[in-house]
2 protein chains.
Amino acid sequence: MLTTNFVTSTVVAFGLPGRQIQGDGVTASAPGPRGCASCHLRGICLTSEFVSPSHAAFGELVLAHRRVKAGQAIYRTGDSFSSVYVLKAGFVKTLALFEDGREQVSGFYMPGDTFGVDGMAFGQHANDAIALDDADVCAIPYDKLEQLSLANPAAQRSLYRMFSQEIVRRQDAMVVMGTMSATQRTATFLLDLSRRFSARGLSASEFLLRMTRDEIGSLLGLKLETVSRVFSKLQSDGLMEIEGKHVRIVSIPGLRSLITH
Amino acid sequence: MLTTNFVTSTVVAFGLPGRQIQGDGVTASAPGPRGCASCHLRGICLTSEFVSPSHAAFGELVLAHRRVKAGQAIYRTGDSFSSVYVLKAGFVKTLALFEDGREQVSGFYMPGDTFGVDGMAFGQHANDAIALDDADVCAIPYDKLEQLSLANPAAQRSLYRMFSQEIVRRQDAMVVMGTMSATQRTATFLLDLSRRFSARGLSASEFLLRMTRDEIGSLLGLKLETVSRVFSKLQSDGLMEIEGKHVRIVSIPGLRSLITH
DNA sequence: CGCCAACTTGATGGCTGTCAAGTCAGGTGG
DNA sequence: CCACCTGACTTGACAGCCATCAAGTTGGCG
């Protein structure tokens, strides 16, 4: 989280769909023409790296869009691995499961993020992926990916980057949980969200949390009450304002100094 | 750690070199002929997957063996990435570093293990790799690897497995730190070591720790005093015997039940 | 022999988990 | 339209686990 800086060179603005008003569970993104050429995520999505600049390959990668309602799974632990997913709209959490029933949030993903690469290991997923919002995901079939990367060293390197991002993401989480206090973990989490929103052309200081206190706590190795208390404390210290899911960071440097100290 | 089970199908026994009696810092492994064909790790090492069964490629992958003295670095964070390493003898720890000076052990590696793949992400390593023992490592140049995997889909899949192992390893560490007590973390650590020794044809119940209490604590998000106390407690409970670095697990099921409970 | 790193063990305090009560918003059904 | 219910959240009281500080032991090495 502190050491990573992905995709900051290709900042693209995109609309952030709100939680759907009960209904058919379909997100607000226009269906549009098939393929990636017209996608508003072009430049952020990994397919940009795979096909650019040979436009021939555009739209051939993504065979299936899937609309997923809030709470539904895109895949579950043990499901056979067939695709990598790019989030087009909505938010997703991944859950790590242990045999004894233990579970923990292992990541939150926002539009433009890739998830599901954990499954390449043994042909089956090592996580659950659950939609937090009604979400829209692009499935990139593994065999297509393999095929492309066999023919194209640059594509292969992009694939490696996806892997390494996941390695670094989890490694950072290790350090956060292993060495930081509750306040520091929470500040790190907020700054990570801030950076990622900012990289997408959205406000770095004001945003909506799409996940519950419980889910945040799970990611950080804290209980939901502790997360709530830290939020309250940060507010009374004048570093942020929080009301339900709505966050406004008053002082990013202030949060940073909490961590470094 | 609980969900992973690597290389258990290809168990190969090999000698475990002890800490060298002060000297030139060269491990006891016989120099032998160049190449992988005569290596005692054949079957465990990832090169087995890359070349088998076409023996032609044997020995072409590994260009450099490096002997590393205890405490020395094989690579450091930020070093440009050029190779993946297979540990031939000795033990290695990897360290995750944050900009603010924070550091944490992110893994321990034993003979046959691969490390260094984190560097593929951005062309530079995201860890320090430090030898705990005098160690002997095989460097596998990245361009060779890339070349091989472009020509050979099976090799490419092996490469993906290496990545995913690192993802899963860190994810498991997250869950351990996020949900387990000090006793449970320590028991998990011991069982993980036990399983890995066992997969190499060594005793699952009796082995030497190559790392300090401080290093174990760092991996688990605990202080060294806590690790020491847990060891003492497990001993007084009759689950293990420990004297310095020497460990004898009396009851593997007993340790397991501590975690599940 | 002496030094130092690694380790053990004790005493104490603080952070965070646990338990509990209460508020609030949203959704459902009468 | 309102009552009710449920899930999410906040806040308080308290306890327990683990970090911290400290002192002493051991073993390896110069």
Side-chain angles (χ1 to χ4, degrees), chain A residues 18-23 25 69-71 93 102 104-105 130 132-134 176-187 189 208-236 240-247 258 261, chain B residues 18-23 25 69-71 93 102 104-105 130 132-134 176-187 189 208-236 240-247 258 261:
Chain A
R19 194 177 288 267
Q20 284 304 105
I21 306 149
Q22 82 183 98
K69 291 188 194 176
K93 69 173 174 182
R102 229 175 273 272
Q104 183 173 26
V105 172
I130 313 282
L132 294 172
D133 282 314
D134 294 339
V176 168
M177 286 196 289
T179 71
M180 289 185 183
S181 69
T183 304
Q184 292 175 320
R185 294 184 210 188
T186 308
F189 171 74
L208 286 183
L209 300 175
R210 310 314 254 254
M211 64 297 285
T212 67
R213 307 287 191 268
D214 194 28
E215 288 162 340
I216 296 171
S218 178
L219 179 76
L220 299 176
L222 300 171
K223 291 298 163 186
L224 69 93
E225 295 95 332
T226 304
V227 174
S228 179
R229 268 184 252 273
V230 171
F231 280 162
S232 299
K233 182 65 165 50
L234 292 177
Q235 180 160 239
S236 70
M240 70 181 289
E241 293 167 9
I242 184 158
E243 189 181 343
K245 306 277 196 191
H246 186 97
V247 170
L258 284 180
H261 166 257
Chain B
R19 197 177 284 268
Q20 284 306 104
I21 305 152
Q22 79 181 102
K69 291 187 193 178
K93 67 174 174 182
R102 229 174 273 272
Q104 183 174 27
V105 172
I130 313 282
L132 295 172
D133 283 312
D134 295 339
V176 167
M177 285 195 290
T179 71
M180 290 186 185
S181 69
T183 303
Q184 291 175 320
R185 294 184 210 188
T186 307
F189 171 75
L208 287 183
L209 300 174
R210 313 312 256 253
M211 64 296 286
T212 68
R213 306 288 191 266
D214 195 27
E215 288 162 339
I216 296 171
S218 178
L219 178 76
L220 299 176
L222 301 171
K223 291 298 163 184
L224 69 94
E225 295 95 330
T226 303
V227 174
S228 179
R229 267 183 252 273
V230 171
F231 280 162
S232 299
K233 182 65 165 50
L234 292 178
Q235 179 160 238
S236 70
M240 70 181 289
E241 293 167 10
I242 184 159
E243 188 181 342
K245 305 277 195 191
H246 186 96
V247 170
L258 284 180
H261 169 258

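Here is how names work: the chains are called A, B, and so on, in the same order as the sequence lines, proteins then strands, and each is numbered from 1. Since the model is a prediction, treat every value here as computed from it, not as a measurement.
For A/E225, the side-chain atoms get nearest to C/dA20 when compared with the rest of D/dC9, C/dG17, C/dA20. For A/T212, the side-chain atoms get nearest to D/dA8 when compared with the rest of C/dT18, D/dT20, D/dA8. Here the side chain of A/S228 is nearest to one of C/dT8, D/dG12, D/dC9, namely D/dC9. Of the candidates C/dC7, C/dT9, C/dT18, the closest approach to any side-chain atom of A/K223 belongs to C/dT18. Among C/dT8, C/dT16, C/dT9, the nucleotide with an atom closest to any side-chain atom of B/L224 is C/dT8.
Between the CE atom of B/M180 and the P atom of C/dT16 there is a distance of 21 Å, given to the nearest Å. Between the CG atom of A/D214 and the P atom of D/dC9 there is a distance of 8 Å, given to the nearest Å. Summarising the geometry, the separation between CD on A/Q184 and C1' on C/dC15 is reported as 12 Å, rounded to the nearest angstrom. The nearest whole Å value for the distance from the CZ atom in B/R210 to the C1' atom in C/dA6 is 16 Å. A straight line from CZ of A/R185 to P of C/dC15 spans 14 Å, rounded to a whole angstrom. Separating the CD1 atom of A/I242 from the P atom of D/dT10 is a distance of 6 Å, rounded to the nearest angstrom. Whole-Å rounding puts the B/K233 NZ to D/dC17 C1' distance at 13 Å. For the pair A/L258 CG and C/dC15 P, the computed distance is 14 Å after rounding to whole Å.
In this structure, CE on A/M240 lies 9.0 Å from OG1 on A/T186, to the nearest 0.5 angstrom. The structure places CZ of B/R185 at 8.5 Å from OG1 of B/T179, a figure rounded to the nearest 0.5 Å. With rounding to the nearest 0.5 angstrom, the CG atom of A/L234 is 6.5 Å from the CG atom of A/L258. Put simply, CZ on B/F189 and CD1 on B/I216 are 4.0 Å apart, with the number rounded to the nearest 0.5 Å. The distance from atom CD of A/E215 to atom CG of A/L209, rounded to the nearest 0.5 Å, is 10.5 Å.
At the heavy-atom level, A/G217 lies nowhere under 4.0 Å from the strands shown. Counting non-hydrogen atoms under 4.0 angstrom, B/L222 reaches the backbone sugars and phosphates but no base.
Within the structure, a side-chain polar atom (N or O) of B/R213 is placed less than 4.0 Å from OP1 or OP2 of C/dC7. Neither OP1 nor OP2 of C/dA25 sits under 4.0 Å from any side-chain N or O of A/K245. Note on A/S232: a side-chain N or O is less than 4.0 Å away from OP1 or OP2 of D/dT11. One finds no side-chain N or O of B/R229 lying less than 4.0 angstrom from the OP1 or OP2 phosphate oxygen of D/dC18.
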